[in-house]
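Heads up: the structure comes next, in structure tokens.
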Amino acid sequence: MPVRDLPDIPETKRTLDGREQRFACRLVEHAPGRVVVLFVLPAARRVGPLALPAGCITLGHFWSDRPYNAYHWLTPEGASLGHYVNVADETIVDATGIAFRD
């Protein structure tokens, strides 16, 4: 299924100081307490020492009962760039959205 045909789902990341970041994702898979989403980076960005190019594909994995979430970054062609595990709490996941505290 083409990415454009996947349903929209927002990801909201809250930090301890109250800031929020929102990402317009696409829903890949949903099961009770678990969601997998896809996000395409609109512009290049750095995460620590890793340079992510514009068009980088992010697969985000979120669970309501785990103290973390995980991301897999791929080039636009599908080659793996790396994985990132994020400590998180107050995670809410369902087919309408994801919210967590980083």
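One is the number of the first residue; the rest follow in order along the sequence.
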[X] and [Y]: same hydrophobic cluster, using ILVMFWY side-chain contacts below 4.5 Å?
X   : Y   : answer
Y84 : I57 : no
F39 : V36 : no
I98 : V28 : no
L52 : L74 : no
Y68 : V93 : no

Point to revise | R26 side chain to R4 backbone, donor-acceptor under 3.5 Å | key: yes
I'd like to check [X] versus [Y] (side-chain heavy atoms, cut-off strictly below 4.5 Å). Are they in contact?
X   : Y    : result
P10 : R22  : no
I92 : F100 : no
L38 : L59  : yes

Exercise for review: With side-chain hydrogen bond (donor to acceptor under 3.5 Å, both in side chains) as the test, would you mind laying out the steps for H72 and S80 before giving the verdict?
Suggested key: CA-CA 8 Å; H72 184 193; S80 182; 2.8 Å; yes
Point to revise | Atom pair CZ (R34) and CG (D94), whose distance is rounded to the nearest 0.5 Å | key: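 Atom-to-atom, R34:CZ and D94:CG are 14.0 Å apart.
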**Study point:** Distance in Å, T58 OG1 paired with E11 CD, rounded so as to fall on 0.5 Å steps
**Key:**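 Going from OG1 on T58 over to CD on E11, the span is 9.0 Å.
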Review point. Is D102 salt-bridged to R14, cutoff N-O under 4.0 Å?
Key: no
Which atom pair, heavy atoms only, marks the closest approach of [X] to [Y]?
X   : Y   : result
G55 : P76 : O-CG, 3.4 Å
A51 : P53 : O-CD, 3.8 Å
L81 : C56 : CD1-SG, 3.9 Å

Check your understanding: Can you name the one residue among T15, T91, L16 that meets side chain to side chain contact (heavy atoms under 4.5 Å, CB included) with R101?
Key ->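 Filter result, single survivor: L16.
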**Study point:** F62 ring center near Y71 ring center (under 6.0 Å)
**Key:**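 Here the rings of Y71 and F62 have centres that are less than 6.0 Å from each other.
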